[in-house]
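Since the structure comes first, as structure tokens, the remarks are kept for the end.
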Amino acid sequence: MTDSEVGVTHVADDTMKMTGCGSCGMYMILEGAPGKSFVCMKCRLIELMEEKIRGLEMQVESLVEFRKGFEQIMEQRHEVSEGKSSDLQMEAGLGNFEGRLGEESGQWKHVTKRTRQRKRRASEGEIDLQNRFAELENEEGAQQVVTEGDRARKKRRAVSPIGKGEELMEITPNMSPRRIQDGLKRITRENGNGKNLQPEGTGDRLENSTVTRKRQVYVIGDSLLRRIDRPVTRADPENRRVCCLPGAKIRDVDLRLKRILKGAGKNPLIILHVGTNDTARFSLESIKGDYVRLGRTLKEIEAQVIFSGILPVPREGQQRCDKIMTINRWLRQWCYKEGFGMYGHWEAFMDRGQFSRDGLHLSREGNRLLGWRLAQLIKRALN
């Protein structure tokens, strides 16, 4: 072995050092000098899972307490309603019993099926019949009805803009504005004059009638949004849109955002899933600056904005994963400061089977999971 080979061996030994994990005690060979409190990737994942489990336990406890309180309230209401119904039944029973004693003067009477039928037939026969149109048979009553009808007809003719000799169209409350307008046009055409026979307020009501539009939802992002349009737009296909821009970075979304949201209506809901391609090429400071510029553009649009967290990239090493986790933590703090929403997916996409063979894009199972999570996010945000 020559002197040059010996020197290279010593340099390699100096750069590669064996380091022990501060949590599990396992030793690893790392390049360079690690920090004093080094924690391996497996221990980090275990800490994330434990934190998630603690959060779920707290949610389960709150749900159990809420259910117990709800059951107690329902039981109290049921007891109160049963008490009121029993009191009413007792009062009714006492009233009927006293009525029978008063009618029969305390004597018992034998009741059979025939006596019940006789009582029912007697009650049915006692029907008071009278003629409601008896007044019309008299000449005075008929004349009075005719004069009242003429008086009402003259009053409508005086209010109507139609002149004398023209056909009178009576407007009933059940007639639609379109039918009223067609009838007035027909009368104008038959009489040969160009007067506007439309009642006051009808034209304004027809012109000002606008159809209320539902709130628009836009999901915009990179190629990870492929094949998620069906679960996202299934609830409302007319007002929900998924815009997938393959290979897009934060700057590309910022440039195309206003063009995509043209005609989005008032206060749309915008969900942005972008940043995976930026983590492979740009530094942390550059990515943060692009997010800040995108936030300024979003504030000019006046919409409800929710950022979707960056997913892990299994094909890359630990350095790329640490970079993505750092950006997600900063993104959550920045969104809270700027008034935006942030929805993370890191714990839900830890399984390698949710990604395709290239280790970057999602598999069909991963697409279904991401689509379902975004659909639930939209449902909560709209409600």
Side-chain angles (χ1 to χ4, degrees), residues 51-74 77 209-222 224-245 253 257-258 260-275 291 294-295 297-311 328-329 331-349 354 362 365-383:
E51 184 177 357
K52 188 72 174 177
I53 291 170
R54 285 194 294 270
L56 292 174
E57 289 177 351
M58 292 175 63
Q59 292 180 4
V60 170
E61 291 177 359
S62 61
L63 289 174
V64 170
E65 293 178 358
F66 175 76
R67 184 173 181 180
K68 289 181 179 178
F70 181 75
E71 289 178 353
Q72 291 178 359
I73 293 172
M74 295 302 295
R77 290 185 177 179
S209 60
T210 57
V211 179
T212 57
R213 187 180 180 185
K214 289 186 177 180
R215 195 175 174 193
Q216 302 292 302
V217 179
Y218 287 84
V219 181
I220 306 170
D222 49 23
L224 291 176
L225 298 182
R226 290 176 180 171
R227 297 188 295 270
I228 70 163
D229 51 345
R230 185 171 296 178
V232 170
T233 61
R234 184 183 291 118
D236 192 359
E238 296 181 358
N239 299 301
R240 296 186 184 183
R241 289 170 177 80
V242 178
C243 183
C244 177
L245 305 173
V253 174
L257 188 61
K258 291 186 178 180
I260 294 171
L261 299 176
K262 188 176 181 180
K266 185 179 180 181
N267 192 23
L269 173 61
I270 303 173
I271 298 176
L272 296 171
H273 185 89
V274 66
Y291 272 119
L294 179 59
T297 306
L298 289 167
K299 286 186 177 180
E300 295 176 0
I301 300 174
E302 296 182 359
Q304 182 182 0
V305 181
I306 300 176
F307 280 89
S308 178
I310 304 175
L311 301 182
N328 283 335
R329 285 195 296 268
L331 183 62
R332 185 178 296 277
Q333 297 174 0
W334 176 76
C335 289
Y336 179 78
K337 180 181 177 182
E338 298 295 330
F340 301 139
M342 200 276 181
Y343 188 61
H345 310 276
W346 189 270
E347 294 84 0
F349 286 89
Q354 295 169 348
L362 296 175
E365 181 183 355
N367 287 323
R368 283 194 295 268
L369 178 59
L370 181 61
W372 178 80
R373 288 177 65 86
L374 292 178
Q376 295 297 318
L377 173 63
I378 293 170
K379 183 178 179 181
R380 291 197 298 269
L382 292 179
N383 293 336

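Just the heavy atoms: all of them, side chains too, but no hydrogens, waters or symmetry mates, feed the values below. Note that the structure is a prediction, hence the values are computed from the model and not measured.
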**Item:** Nearest-0.5 Å distance that lies between atom NZ in Lys214 and atom CG in Asp236
**Value:** 4.5 Å
**Complete:** Those residues at least two apart in sequence (or on a different chain) that pass salt bridge (charged side-chain N to carboxylate O under 4.0 Å, His left out) with Glu51 are none
**Complete:** Taken in chain and number order and not counting sequence neighbours, the residues that satisfy salt bridge (charged side-chain N to carboxylate O under 4.0 Å, His left out) with Glu57 are none
**Message:** I'd like to know if Lys299 and Glu338 make a salt bridge, using a cut-off of under 4.0 Å between side-chain N and carboxylate O.
**Reply:** yes
**Message:** Just to verify, what does Glu65 make a salt bridge (charged side-chain N to carboxylate O under 4.0 Å, His left out) with, not counting sequence neighbours?
**Reply:** none
**Prompt:** If you take all heavy atoms of Ala303 and Ile270, which pair is closest and at what distance?
**Reply:** CB-CD1, 3.7 Å
**Message:** Just so I know, are the side chains of Met74 and Phe70 near enough to count as touching, which here means a heavy-atom distance under 4.5 Å?
**Reply:** yes
**Message:** Measuring only between side-chain heavy atoms, which start at C-beta, is Leu294 closer than 4.5 Å to Leu257?
**Reply:** yes
**Complete:** To the nearest 0.5 Å, atom CZ of Arg67 lies from atom CD of Glu71 at 5.5 Å
**Item:** For the student: nearest non-hydrogen atoms of Arg241 and Glu238, plus distance
**Value:** NH1-O, 3.4 Å
**Prompt:** So do the side chains of Ile228 and Leu362 get within less than 4.5 Å of each other, counting heavy atoms only?
**Reply:** no
**Request:** Please determine which of His273, Met342, Arg373 meets the side-chain contact (heavy atoms from CB on, under 4.5 Å) test together with Ser308.
**Result:** His273
**Item:** Pair Ile271-Val232, side-chain contact (heavy atoms from CB on, under 4.5 Å): steps then yes or no
**Value:** CA-CA 11 Å; Ile271 298 176; Val232 170; over 6 Å; no
**Straight-line distance of Leu224 CG to Ile310 CD1, nearest 0.5 Å** = 10.0 Å
Show me the donor-acceptor pairs, under 3.5 Å and distance only, between side chains in residues 375-383 and residues at least two apart or in other chains.
residue, atom, partner, partner atom, Å
Asn383, ND2, Lys379, O, 3.0

**Prompt:** Should the pair His345 and Phe349 be assigned to parallel (<30°), tilted (30 to 60°) or perpendicular (>60°) ring geometry?
**Reply:** perpendicular
**Asked** Considering residues, nucleotides and ligands other than Glu302, do more than 12 of their heavy atoms fall under 6.0 Å from its CD?
**Response** no
**Message:** Could you measure the distance from the CH2 atom of Trp346 to the CZ atom of Arg329? Nearest 0.5 Å is fine.
**Reply:** 9.5 Å
**Item:** Candidate list Phe340, Tyr291, Tyr343, test side-chain contact (heavy atoms from CB on, under 4.5 Å), partner Cys335, passing option
**Value:** Phe340
**Asked** To the nearest 0.5 Å, what is the distance between CD1 (Ile220) and CD1 (Ile260)?
**Response** 4.5 Å
**Asked** Who passes ring-ring contact (aromatic ring centres under 6.0 Å, His included) against Tyr218, sequence neighbours left out?
**Response** none
**Prompt:** Would a 4.5 Å heavy-atom cut-off, applied to side chains only, mark Leu374 and Leu225 as touching?
**Reply:** yes
**Message:** Test: side chain to side chain donor-acceptor pair (under 3.5 Å). Region: residues 224-234. Which pairs qualify, not counting sequence neighbours?
**Reply:** none
**Message:** What's the separation between atom CD in Glu61 and atom CD in Gln59, rounded to the nearest 0.5 Å?
**Reply:** 11.0 Å
**Message:** Before you tell me yes or no, could you show the steps for Gln304 and Asn267 under side-chain contact (heavy atoms from CB on, under 4.5 Å), namely the whole-Å CA-CA distance, both residues' side-chain angles and the distance that decides it to 0.1 Å?
**Reply:** CA-CA 6 Å; Gln304 182 182 0; Asn267 192 23; 4.3 Å; yes
